[in-house]
Asks: 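Below is one structure. I have some questions about it.
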Amino acid sequence: MTTPVDDDGLKFSSFEAFRLINFTFIKACQTLTAPDLSPRDRAEKLMHYHGDLLAAYGPGVPLPFGEFRHKLHGPIDGLLPPWLDRSAFDDLDFPVVDAEGCVTDSAFDLQWETSQLHRILKRLRRIGRMRFTEEQLQDELDQDQMYEILKGRGDAQYVTDRTTLVECPAGTKAELGKRGLPLNAIGYYEPIPYHAIYRTWWFPCTVCHWPMKISKRAGAGRGYYRVACLYGRHADTGASFMFRPTTGDAPHLHPDSPDTPFPHEAALALRTSGTVPEAKPVEGHLALKRGVWRYTCVPGLYELRLHTVLRERLAAVVADLDEAVALWPMSDAYDHRIEVKSPDGSAHVFTVDVKDYTHARVLAESLDRNEGDKGGAEWLVVPDHRADQIPLLTVTCRKYGMRAATMTDFARLVCRSAGVVWG
Ligand SMILES: [Zn+2]
């Protein structure tokens with residue numbers, strides 16, 4: 001390994017290599033377990049990813065094929081070459097795939113979050129050398145194209161369409177057709193993912209309505225299955241169930257996590273359907289691609305909730321609500337713009353980006369590279385369950401004249417500025 005020229009170079013090559021390696025492992029892991037591949041196709045694909053990985057490791061880091069296959073079941077840390085600088089990451093001691101061969105939420109998020117960072121670094125350094133294939137960029141392209149499709153119909157329609165997308169991550173073709181989304185957006189819906197299928201059925205999350213993941217658990221007698229949303233917070237707040245295997249009929253689910261929100265989060269807690277989901281047939285149903293669900297629907301629910309609650313609370317003191325409490329304003333430069341007047345007459349404007357990152361250090365690094373928020377937001381707001389990210393983000397935000405807060409703390413502060421009691 002050559003000596004890095006500077007700290008930037010070291011960090012860049014670390015993130016670049018990390019992104020490539022993590023991507024390759026995710027693809028290889030999926031190849032290991034994809035049900036529709038012939039043994040020959042499976043072996044060919046694995047050899048292809050093994051080659052990609054050796055290229056990313058660079059010379060002098062051997063990795064025999066057998067060891068490569070073995071490592072696919074271990075934690076991410078074990079997959080990284082010794083030369084890779086790990087200091088910019090939080091914990092890397094989690095597996096890429098779980099027992100069912102489904103990519104874990106942490107690994108999936110880390111892939112996306114480092115991609116965002118990688119894109120910033122690339123723009124800053126104007127790297128001409130393109131190391132990534134079309135396939136590797138597909139998730140990002142999906143997301144970008146999705147916003148372009150939605151933006152094409154004007155600002156007001158954009159808010160309507162994005163809201164529809166957030167609230168409707170799965171459904172039958174007929175149901176989706178009735179929602180009025182642009183035709184191109186329908187293309188982001190796919191058959192129900194195989195990790196969410198039990199025989200011929202699937203179950204929508206009680207919070208986000210995307211298909212929940214199904215995993216078999218060993219237990220007394222026939223064992224049982226757990227059904228839970230892949231977004232951990234939904235699973236922890238109601239979207240987690242179990243059922244006994246059935247032979248004829250669709251199974252009935254039994255809740256195994258409480259769906260009462262924590263008291264301090266109650267005002268802004270996401271609404272749940274409040275009922276046990278019934279089995280839906282796989283046949284005829286479609287669901288958004290995982291990346292679009294994770295990076296549009298999941299944070300979108302928080303953005304919509306914050307918007308709704310602020311409108312309710314400020315309705316009595318603000319003359320023009322649409323003007324004063326705006327969602328995704330200025331072609332989505334940021335997520336919220338809120339303007340209130342204090343009882344003493346002074347005006348306050350809050351511009352906000354909601355960030356739902358699993359890996360806070362990667363988010364902090366992205367802020368550093370952009371020298372603040374790309375769209376110019378002055379507030380960085382995280383969902384309440386990410387409160388432990390606030391100390392780190394506060395330090396980073398302060399450098400760029402920004403502030404970081406949880407959703408509840410932020411909403412409370414806005415209300416206080418407007419002379420409204422949070423209660
Ligand atoms: Zn969910």
Side-chain angles (χ1 to χ4, degrees), residues 94 98 100 102-113 139 142-143 146 162-172 175-176 179 188-198 201-215 225-243 251 253-262 265-266 268-280 282 285-308 354-358 382-386 407:
F94 51 81
D98 60 20
E100 288 79 36
C102 180
V103 176
T104 61
D105 53 350
S106 280
F108 194 80
D109 289 354
L110 191 53
Q111 169 65 19
W112 168 265
E113 291 162 12
D139 268 357
D142 281 352
Q143 201 72 5
M146 170 70 84
R162 187 155 164 192
T163 303
T164 304
L165 199 70
V166 169
E167 291 177 339
C168 195
T172 63
E175 283 163 358
L176 297 174
R179 301 300 296 257
Y188 290 91
Y189 290 84
E190 295 182 325
I192 303 299
Y194 69 87
H195 67 248
I197 298 174
Y198 174 73
W201 296 288
W202 67 280
F203 304 89
C205 169
T206 48
V207 182
C208 68
H209 312 296
W210 200 64
M212 290 189 284
K213 181 176 182 274
I214 299 178
S215 37
Y225 288 82
R226 181 166 183 252
V227 194
C229 185
L230 266 175
Y231 187 71
R233 190 57 168 189
H234 297 173
D236 293 343
T237 50
S240 176
F241 303 87
M242 48 171 290
F243 68 84
L253 305 188
H254 304 278
D256 76 350
S257 92
D259 72 350
T260 27
F262 302 98
E265 296 179 7
L268 282 156
L270 298 178
R271 295 284 157 85
T272 71
S273 65
T275 53
V276 173
E278 282 182 16
K280 288 177 181 273
V282 168
H285 275 92
L286 298 170
L288 275 176
K289 292 179 173 196
R290 183 168 173 181
V292 179
W293 161 75
R294 174 61 186 86
Y295 307 112
T296 301
C297 301
V298 172
L301 288 173
Y302 289 116
E303 290 152 12
L304 285 169
R305 185 78 191 130
L306 181 60
H307 183 66
T308 306
V354 174
K355 293 285 188 204
D356 181 32
Y357 273 54
T358 296
V382 302
D384 285 340
H385 70 277
R386 302 208 188 276
M407 270 174 63

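In listed order, ligands and their atoms are each counted from 1. Hydrogens, waters and symmetry mates are skipped; everything else that's a heavy atom, side chains included, is used. A quick note: this is a predicted structure, and the numbers were derived from the prediction, not measured.
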Asks: Looking at Phe108, is Arg294 sitting on its ring face, NZ or CZ under 6.0 Å from the six-membered ring centre and within 45 degrees of the normal?
Replies: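 Judged by the rule (NZ or CZ under 6.0 Å from the ring centre, within 45° of its axis), Arg294 is not positioned above Phe108.
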Asks: Which single N/O/S atom of His234 lies at minimum distance from the Zn ion (ligand 1)?
Replies: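 Nearest to the Zn ion (ligand 1) within His234's N, O and S set: ND1.
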Asks: Quiz question: by atom type and distance under 3.5 Å, do the side chains of Asp256 and Ser240 form a donor-acceptor pair?
Replies: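 Yes, a side-chain donor-acceptor pair sits under 3.5 Å.
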Asks: Drop me the distance from Leu230's CG to His195's NE2, to the nearest 0.5 angstrom.
Replies: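 NE2 of His195 is found 4.5 Å from CG of Leu230.
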Asks: Answer with yes or no whether the side chains of Asp236 and Tyr231 bring together a donor and an acceptor at under 3.5 Å.
Replies: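 Absent: no donor and acceptor within the cut-off.
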Asks: Using a cut-off of strictly less than 2.8 Å, determine whether Cys229 has an N/O/S atom near the Zn ion (ligand 1).
Replies: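 Coordinating: yes.
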Asks: What angle, in degrees and rounded to 10°, do you get at the Zn ion (ligand 1) when you join it to SG of Cys205 and to SG of Cys208?
Replies: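 It comes to 100°.
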